[in-house]
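For reference, the structure discussed in these notes is given below.
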Amino acid sequence: MIPLDWCITVDWFAGTGKGTASFLLAKHLGYSCLDTWAMYRVIALALLRAWYAVDDTAGIVSFLPTIPFRPQKDDHGGFVRYLGAEDVSSHIRMPEVSAIVSQVSKIPEVRSLLIRYQQELWSQGWLVADGRDMGSVVFPEAQVKFLFRCDSLIRAQRRQKQLGEQGIFQSLEDIEANIIMRDELDQHHIDALIRRFGDDVVTIDTWLLSPEQVLATMLDHVRSRASVR
Ligand code: DC
């Protein structure tokens, strides 16, 4: 029996299949799926719309409390992505948002605001939390922690397919270049975070696995963790 008060974290770079795997795992366990990348993207979209330059940190920090974003559960086991009353789920995938989100996510005040929201959500119920710093910083006491890895070209192909499903076309070269650029921007920060993971983290290389195989691998680990409690 998997307890219903756990937090399971899924970390590492974009396009590794984290989102799909987190969603499937949460659905399977009856948990909520917290996709924290969407939160950083909602903030980046709000800044774009308000014409903030990404290096105007002082302006961004004073604008931050006025952004009408507050994560809340939806009816499908996830969280709404609203700016005020507007559902911005498709807007947050736009290339313009992808271009700045990495820099936005480095602003300490942005991180501390979103981390506070994320931690509040575990107190409201069990979670599969998908992000970069879930198992190390946000939920260090999580019961099971996964790190996903995958080749950049495969990640670009997956991202292109996701964008295509939303009617957005971007060339594979541009997507891969953006992924590599963001990996590099995130790297320093990620390296520091990864060092803060303990020995309890489970690394999964997803590039040869189908979503169902990834889910099965995760479930094996979750069940064996539950059985040794
Ligand atoms: O997974 P993604 O590329 O869509 O995430 C968007 C950005 O958000 C990415 O540049 C890193 C950042 N991010 C973060 O810093 N911490 C998280 N928990 C989730 C995402």
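Indexing begins at 1, ligand by ligand and atom by atom, following the structure's order.
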Exercise. Pairs in or reaching into residues 37-59: which pass ring-ring contact (aromatic ring centres under 6.0 Å, His included), with residues at least two apart or in two chains?
Worked result: Tyr52-Phe63

For this session: Answer yes or no: is there a donor N or O on one side and an acceptor on the other, between the side chain of Arg158 and the main chain of Thr16, under 3.5 Å?
Result: yes

For this session: Please check if Leu113 and Val137 belong to a single hydrophobic cluster, counting links between Ile, Leu, Val, Met, Phe, Trp and Tyr side chain heavy atoms closer than 4.5 Å.
Result: yes

Problem set entry | Heavy atoms of other groups near Phe23 CZ, more than 12 under 6.0 Å | no

Exercise. With backbone taken as N, CA, C and O and side chain as the heavy atoms from C-beta onward, which portion of Tyr40 lies under 4.0 Å from ligand 1: side chain, backbone, both, or neither?
Worked result: side chain

For this session: Check each heavy atom of Ser102 against ligand 1 and say whether those closer than 4.0 Å belong to the side chain, the backbone, both or neither.
Result: both

For this session: List the atom of Arg41, the atom of Ser98, and the distance in Å for their closest heavy-atom pair.
Result: NH1-OG, 3.2 Å

For this session: Closest by any non-hydrogen atom to atom 15 (O) of ligand 1: pick that one out of Met181, Arg132, Arg111.
Result: Arg111

Exercise. Does Lys106 reach ligand 1, in the sense of a heavy atom lying below 4.0 Å from it?
Worked result: no

For this session: Compute the shortest N/O to N/O distance between Thr36 and ligand 1 and return yes if it is under 3.5 Å, no if not.
Result: yes

Problem set entry | Residue Met134 vicinity, atoms of ligand 1 by number, heavy atom under 4.0 Å | 18 (N)

Exercise. Counting each atom of ligand 1 from 1 as listed, which ones have a heavy atom of Asp133 under 4.0 Å away?
Worked result: 16 (N), 17 (C), 18 (N)

For this session: Kindly determine whether Arg70 and Glu120 satisfy salt bridge (charged side-chain N to carboxylate O under 4.0 Å, His left out), including the steps that lead there.
Result: CA-CA 11 Å; Arg70 209 48 220 232; Glu120 281 168 12; 2.9 Å; yes

